[in-house]
Amino acid sequence: MEQVKASFRASLESALPGVEILIERPKSAEMGDFAFPCFRAAKALGRNPTQIAQELAASLTIQGAELKATGPYLNVQLRPEVRARLLLEALLGPTPYGSAPAHSETVLVEYSSPNIAKLFTIGHLRSTMIGHTLAQVNRYLGCQVQRLNHLGDWGTQFGTLLAAYTRWAAETNPKLDRDFDWAEESSARRHTPLFRLFQLYVRFHQEEAVHPEMRDEARTWFKRLEEGDSEARRLWTWFRQVSLAEFQRIYDRLGVGFDAMDGEAFYEDKMPAAVQRLRDSGLLEEGEGGAFIVRLEDVGIQTPSLMVKADGTTIYATRDLAAAIFRRETYDFDRCIYVVGSDQVLHFQQLFAVLGKLDPWFQGRLLHTPFGMIQLPEGKMSTRKGNVVFLEDVLDEAVTRVMAIIGEKNPDLPDKGAVAEMLGMGAVVFFDALNDRVKPITFTWDRVIALDGDTGPYVQYAHARILSVLRKAGGTWVQKARPTEALSPAIAAVPYRPEALPEDLSGLEDPAAQSLLFELAGLPEAIRTVQRENMATALARQLLSIARAFSAFYTNCPILWAENGPEVREARLTLCVATARALRQGLFLMGIQAPEEM
RNA sequence: GCAGCCGUAGCUCAGCUGGAUAGAGCGUUGGCCUCCGAAGCCAAAGGUCGCUGGUUCGAUUCCAGUCGGCUGCACCA
């Protein structure tokens, strides 16, 4: 495939010296495999693009392909059997399709980053899954990736929690004691210590609205924590432990993992040095009320970055500063991607500006990939106010709905629970990836857990149907579509195993088969788009196109019919194997599993 | 007030660094299971791409302005 493109390019370069050659991918298989728009050439030569296309079509030749001038476009259309041969060779041949050689670029992805002592809401899904996909795709494309979970385990919010706990823990619920065995009741989420802590947190904010003086109480507690007060530290450690146990269960369900879980507290002892560096470089100035700030007007940011509060304590900007400096020393990274909501764009602009002033090394290496918030139909979600949708409720509801459908359509399915879990996660996670990450999402159950149409289960269904055909085909067909080892979140790619191709591929001349091949050809580019744009949309959409093309192929081209002859059967089964692998690989990069039956 | 993001079919959204008839899903209407899984397939209807200018051979895409919506604007994260 790539050789054909290269030879097309070479022919064009010799025919049109001095003209920049940009080869595009046509919109559909009927137009061809490669397209050369002649507009630039026309401008450079001062001639009519349609005429140029016609002349080129007449004068050039490409082995195994037809050159067609369609208006101002010069299209290369491979002969069906050549196209099938080249693409299957690329998909199943000795070299994994679309992979890139490993290179030394080190990419850090900071994502998920939940706050300790709060429950995962549907809002946390976005950072977690976008980050996971970016980590997977960058690793797949050969980068050295470090997955960082910047836990929100420090800050004034802990003052709030400590104040709330010491005020009301005993009266609210005697069982919410520091010695409470959280494992005892962990099955009932609404009764876990984490949920009770969450309730205390909400209550404090409610009462604080009436009694503003309580705010000082929280601030004092945080100061005690920051100064190393033993009681504050002891409670903090317990809060953290309880929270992490809860978080881990959700990460396990989503198949998400991390290489480092250093939270904000980890950087606590690294902040003084960071602040001192700012001071030494003359960037730190005293602002209103005795706080210390870095002015950024000269780089177009009117709001200064506050680094030390008037009471001498730190702020999240200080911790992000220390974290970036630490990460430079630890990883010597080429890129650091912060997957954080779009409500924090200003914060990251400030942070990057401060770091850039402090050390030009940081310039161009830091990237904030913002994403839109999830809102409820009635407005913004607020943990403090308590009107939130918990992520685990959404995951559970998705699984429940899938179970109901399985009970109706495939009641004899073995291992229903595991399959329902894969499909439920698939629905929720795929939905998150489907659209541009910067756009806000209004949460409704039916949207987020849709199971028909452009959804994860649609792609999973196509995969399951392929496996069903391969099972019926017998022999080793199923093995060919299976990975060689169990998949885990720690690896970025489904293990690759080359396959020999049949001699005769005439069974793939049908337009539906050709169309499927065309969509499969688009997968590597979609994966590179994910890396370039730092969002999974292109990959999710390409998988849908492949699944759709497969469904059409499946209904139009009988695979197992004996009257077709063994050559046709083998060619179509081989295409099935290639499709199953592509779907499984693509879903896996997104953190979605593909069951063989559903 | 200043800054950023977003306005594409009834609804939810794609549209790849400007380019071939603007594409999907949901919903609506009508077809398709005595042959591989109907969680599916096929077809129809539905759009002056918010508005006005500008750049260009060519703008949904780039620029300016304008209207509408969302977000942020120092001691929360």
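Chain identifiers are assigned alphabetically (A, B, ...) following the order of the sequence lines, protein sequences preceding nucleic acid strands; residue numbering begins at 1 within each chain. On a predicted model such as this, the values are computed, not experimentally measured, just so you know. For the numbers below, each heavy atom of this structure counts, side chains included, while hydrogens, waters and symmetry mates do not.
For B:rA77, there is no paired base (Watson-Crick or G-U wobble, both distances below 3.5 Å). Base pairing of B:rC33 is not made with any nucleotide, judged by Watson-Crick or G-U wobble geometry with both donor-acceptor distances under 3.5 Å. In this structure B:rA38 sits in no base pair that meets the Watson-Crick or G-U test at under 3.5 Å. When both pairing distances are held under 3.5 Å, B:rU52 makes a Watson-Crick or G-U pair with B:rA64. B:rA24: Watson-Crick or G-U partner is B:rU12, with both key distances under 3.5 Å. As the counterpart of B:rC5, B:rG69 is assigned, both hydrogen-bonding distances of the Watson-Crick or G-U wobble pattern falling under 3.5 Å.
Checking B:rU56, B:rU12, B:rA74 against every side-chain atom of A:Lys43, the shortest atom distance belongs to B:rU56. Looking at the side chain of A:Ile293, the nearest of the listed nucleotides B:rA39, B:rA74, B:rG40 is B:rA74. Comparing atom distances between the A:Glu264 side chain and each of B:rA77, B:rC41, B:rG25 picks out B:rA77 as nearest. Comparing B:rA38, B:rC13, B:rC16 by their nearest atom to the side chain of A:Tyr461 picks out B:rA38. Nearest to the side chain of A:Asn410, among B:rC6, B:rC76, B:rG37, sits B:rG37. Distances from the side chain of A:Asp343 to the nucleotides B:rC5, B:rG72, B:rA39 place B:rG72 closest. If you check B:rC16, B:rC36, B:rA77 against the side chain of A:Glu533, the one that comes closest is B:rC16. Closest to the side chain of A:Arg215, out of B:rC36, B:rC76, B:rA38, is B:rC76. Closest to the side chain of A:Met598, out of B:rA39, B:rA14, B:rG40, is B:rA39. When each of B:rG72, B:rA24, B:rC57 is scored by its nearest atom to the side-chain atoms of A:Leu346, the top-ranked nucleotide is B:rG72.
Within the nucleic acid shown, A:Gly289 comes within 4.0 Å of at least one base atom, counting heavy atoms only. A:Ala310 comes within 4.0 angstrom of a nucleotide base, judged by non-hydrogen atoms across all strands. Using a 4.0 Å heavy-atom criterion, one finds that A:Pro26 contacts the bases of the nucleic acid, with or without backbone contacts as well. At a threshold of 4.0 angstrom between heavy atoms, the contacts of A:Gln344 include nucleobase atoms, whether or not backbone atoms are also involved. Within the nucleic acid shown, A:Leu451 has no heavy atom closer than 4.0 Å to any nucleic acid atom. In this structure, A:Cys557 reaches the bases: a heavy-atom distance under 4.0 Å links it to at least one base atom across the strands shown. If you check every strand for non-hydrogen atoms under 4.0 Å, A:Pro558 touches a base. In this structure, A:Leu423 reaches the bases: a heavy-atom distance under 4.0 Å links it to at least one base atom across the strands shown. Note on A:Thr303: only backbone sugar-phosphate atoms sit closer than 4.0 angstrom, heavy atoms only; bases stay farther off. The residue A:Glu597 sits close to a base: some heavy atom pair falls under 4.0 Å. If you check every strand for non-hydrogen atoms under 4.0 Å, A:Ala473 touches nothing. Residue contacts shown for A:Asp436 are limited to sugar-phosphate atoms, with no base heavy atom under 4.0 Å away.
Atom C1' of nucleotide B:rC26 and atom CZ of A:Phe431 are separated by 12 Å, given to the nearest angstrom. Taking atom CZ on A:Phe518 and atom P on B:rC16, their separation rounds to 15 Å, with Å as the unit. The distance between atom CG of A:Asp452 and atom C1' of B:rG40, rounded to the nearest whole Å, is 10 Å. Distance CD (A:Gln349) to C1' (B:rC73): 11 Å, rounded to an integer number of Å.
For the pair A:Ser342 and B:rU71, the criterion of a side-chain N or O lying under 4.0 Å from OP1 or OP2 is not met. At the phosphate of B:rA39, OP1 or OP2 sits under 4.0 Å from a side-chain N or O atom of A:Lys409. In terms of phosphate contacts, A:Arg548 brings no side-chain nitrogen or oxygen within less than 4.0 Å of OP1 or OP2 of B:rC41. At B:rA77, one or more side-chain N or O atoms of A:Arg319 fall inside 4.0 Å of OP1 or OP2 (strictly under the cut-off). The phosphate of B:rA20 (OP1 or OP2) has a side-chain N or O of A:Lys27 nearer than 4.0 angstrom. Put simply, A:Arg465 has a side-chain N or O that comes within less than 4.0 Å of OP1 or OP2 on B:rA38. Between A:Lys68 and B:rA20, a side-chain N or O to OP1/OP2 separation shorter than 4.0 Å is absent. Side-chain N/O atoms of A:Arg219 include one lying less than 4.0 angstrom from OP1 or OP2 on B:rC76.
Between A:Arg224 atom CZ and A:Thr220 atom OG1 the span is 9.0 Å, to the nearest 0.5 Å.
In this structure, the ring of A:Tyr316 has its center no less than 6.0 angstrom from the ring center of A:His150.
For the pair A:Arg465 and A:Phe550, the cation does not sit on the ring face, since its NZ or CZ is not both under 6.0 Å from the ring centre and inside 45° of the axis. Judged by the 6.0 Å and 45° rule, A:Arg9 forms no cation-pi pair with A:Phe36.
In plain terms, the two heavy atoms of A:Gly287 and A:Ile293 that are nearest each other are CA-CD1, 4.1 Å. The heavy-atom pair separating A:Ser243 from A:Ile116 by the smallest distance is OG-CG2, 3.3 Å. For the pair A:Ala512 and A:Cys557, the tightest heavy-atom approach, listed with the atom from each and the gap, is CB-SG, 4.3 Å. Contact record, A:Phe247 with A:Pro114: CE1-CG, 3.6 Å, taken as the closest heavy-atom pair.
Place A:Tyr554 and A:Pro37 on RNA chain B by their nearest nucleotides, and A:Pro37 ends up nearer the 5' end. Sequence order on RNA chain B of the closest nucleotides to A:Pro72 and A:Ala317 puts A:Pro72 first from the 5' end.
With hydrogens and angles ignored, a donor-acceptor pair under 3.5 angstrom links the side chain of A:Glu288 to the base of B:rA74. No hydrogens or angles were tested; on distance alone, nothing pairs the side chain of A:Ser551 with the base of B:rG40 as donor and acceptor under 3.5 Å.
With both ends at atom P, the span from B:rU21 to B:rA64 equals 29 Å, rounded to whole Å. Taking atom P on both nucleotides, B:rG31 is separated from B:rU52 by 42 Å, rounded to a whole Å. Going from the P atom of B:rA3 to that of B:rG46 covers 43 Å, rounded to whole Å. Straight-line distance between the C1' atoms of B:rU17 and B:rG37: roughly 42 Å, to the nearest whole Å. With both ends at atom P, the span from B:rC36 to B:rU8 equals 43 Å, rounded to whole Å. Rounded to whole Å, the separation between the P atoms of B:rU29 and B:rC2 comes to 50 Å. Remark: the separation of the C1' atoms in B:rG40 and B:rA45 is 22 Å, to the nearest Å. Spacing between B:rA43 and B:rC5 at atom C1', rounded to whole Å, works out to 39 Å.
Between the side chains of A:Asp446 and A:Thr444, no donor N or O sits under 3.5 Å from an acceptor N or O.
Using a 4.0 Å cut-off between charged nitrogen and carboxylate oxygen, A:Asp454 and A:Arg548 count as a salt-bridge pair.
B:rC33 takes the syn form, because its glycosidic angle lies no more than 90° either side of 0.
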